[in-house]
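Have a look at the structure below, then the notes.
Order of the sequence lines fixes the chain letters, A, B, ..., with proteins taken first and strands second; residue numbering starts at 1 for each chain.
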Amino acid sequence: MITADSTKILKFLFEEELLSEIQKVSQLQKVPKGEIMIDVGEQVKFIPILLEGAIKIVREDESGEEVLLYYVEFGNTCAMTLNCCLENSTSEIRAICEKDTSIIMVPVSFMDKWLVNYRSWRNFIFQNYQDRLNEMLKAIDSLTFLKLDERLRNYLKEKSKVADDSTLEVTHLDIATDLNSSRVVISRLLKQMENEGEVSLGRNTIKIKY
DNA sequence: ACATTAAGTGATT
DNA sequence: AATCACTTAATGT
């Protein structure tokens with residue numbers, strides 16, 4: 001059970017009836033920045049709907065190599081989670097909180113019923129599938145077609161968009177792991193970008209100038 | 001003051 | 001573009 005206030009912000013997504021159902025069966029969860037919400041191999045029991053903050057979705061291979069896939073923002077849910085719910089399998093990805101985040105957790109058991117009963121729920125699910133799939137395509141394009149310096153630019157742009165801030169608090173190492181590269185290389189590229197006047201650098205901070 | 005962590009650099013593959 | 005080895009600088013205890 002959660003407060004009506006929490007669901008009110010989602011009015012643009014769902015009809016009243018569904019909203020009150022969501023309100024009845026869900027839990028509100030606040031997760032601090034940096035916390036791992038779901039890790040590879042974990043069972044997914046809830047469908048998350050984001051109220052505020054942002055979640056970073058990364059893929060990890062056996063040897064612990066990481067790549068950033070996409071961010072989940074307000075009013076969205078994670079398609080991989082949906083995927084897991086449908087086939088009742090474990091998570092293929094890791095979800096990390098990018099900022100302090102609050103989420104509505106809907107138990108997966110309602111998934112099927114609502115798909116049948118509520119048009120707005122169907123739309124929500126399908127729309128999210130579509131959006132996430134597109135994001136994944138972007139990620140693949142970036143990986144296969146772009147050189148590292150261009151990927152880095154995209155990365156910084158995305159990150160500052162999600163943070164809603166042109167000054168990022170990140171270490172070069174963080175970036176390197178997100179892009180599956182090495183710290184030294186990132187440092188050098190950033191230095192280069194700084195010389196070109198694209199960014200200015202400080203310890204733990206990158207300011208993007210446009 | 002000392003240890004730890006972040007970032008810069010030259011050389012090598 | 002990655003890795004190594006090392007330096008310098010900033011921060012925490």
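- In this entry the distance linking CD of Q192(A) with C1' of dT9(B) reads 14 Å, nearest Å.
- Using a 4.0 Å cut-off between a side-chain N of Lys or Arg and a carboxylate O of Asp or Glu, E92(A) and R59(A) qualify as a salt bridge.
- Side-chain to base pairing of R203(A) with dA10(C): one donor and one acceptor N or O lie within less than 3.5 Å of each other.
- Between L201(A) atom CG and dT9(B) atom C1' the separation is 15 Å, expressed in whole Å.
- Residue T171(A) has no polar side-chain atom (N or O) positioned under 4.0 Å from OP1 or OP2 of dT5(B).
- For R183(A) and R188(A), each mapped to the nucleotide of DNA chain C holding its nearest heavy atom, the one lying further toward the 5' end belongs to R188(A).
- Atom pair N204(A):CG and dT11(C):P shows a separation of 8 Å (rounding to whole Å applied).
- Using a 4.0 Å cut-off, some side-chain N or O of H172(A) falls inside it from OP1 or OP2 of dG8(B).
- From N180(A), atom CG reaches atom CZ of R151(A) across 7.5 Å, with rounding to the nearest 0.5 Å.
- Residue L190(A) contributes atom CG, which lies 8 Å from atom P of dG8(B) at whole-angstrom precision.
- When the C1' atom of dA7(B) is taken as reference, atom CG of L189(A) falls 14 Å away, rounded to whole Å.
- The aromatic rings of W114(A) and Y118(A) stand perpendicular to each other, their planes meeting at an angle above 60°, with 30° marking the opposite boundary.
- By the 4.0 Å N-to-carboxylate-O rule, E150(A) lies too far from R153(A) to be salt-bridged with it.
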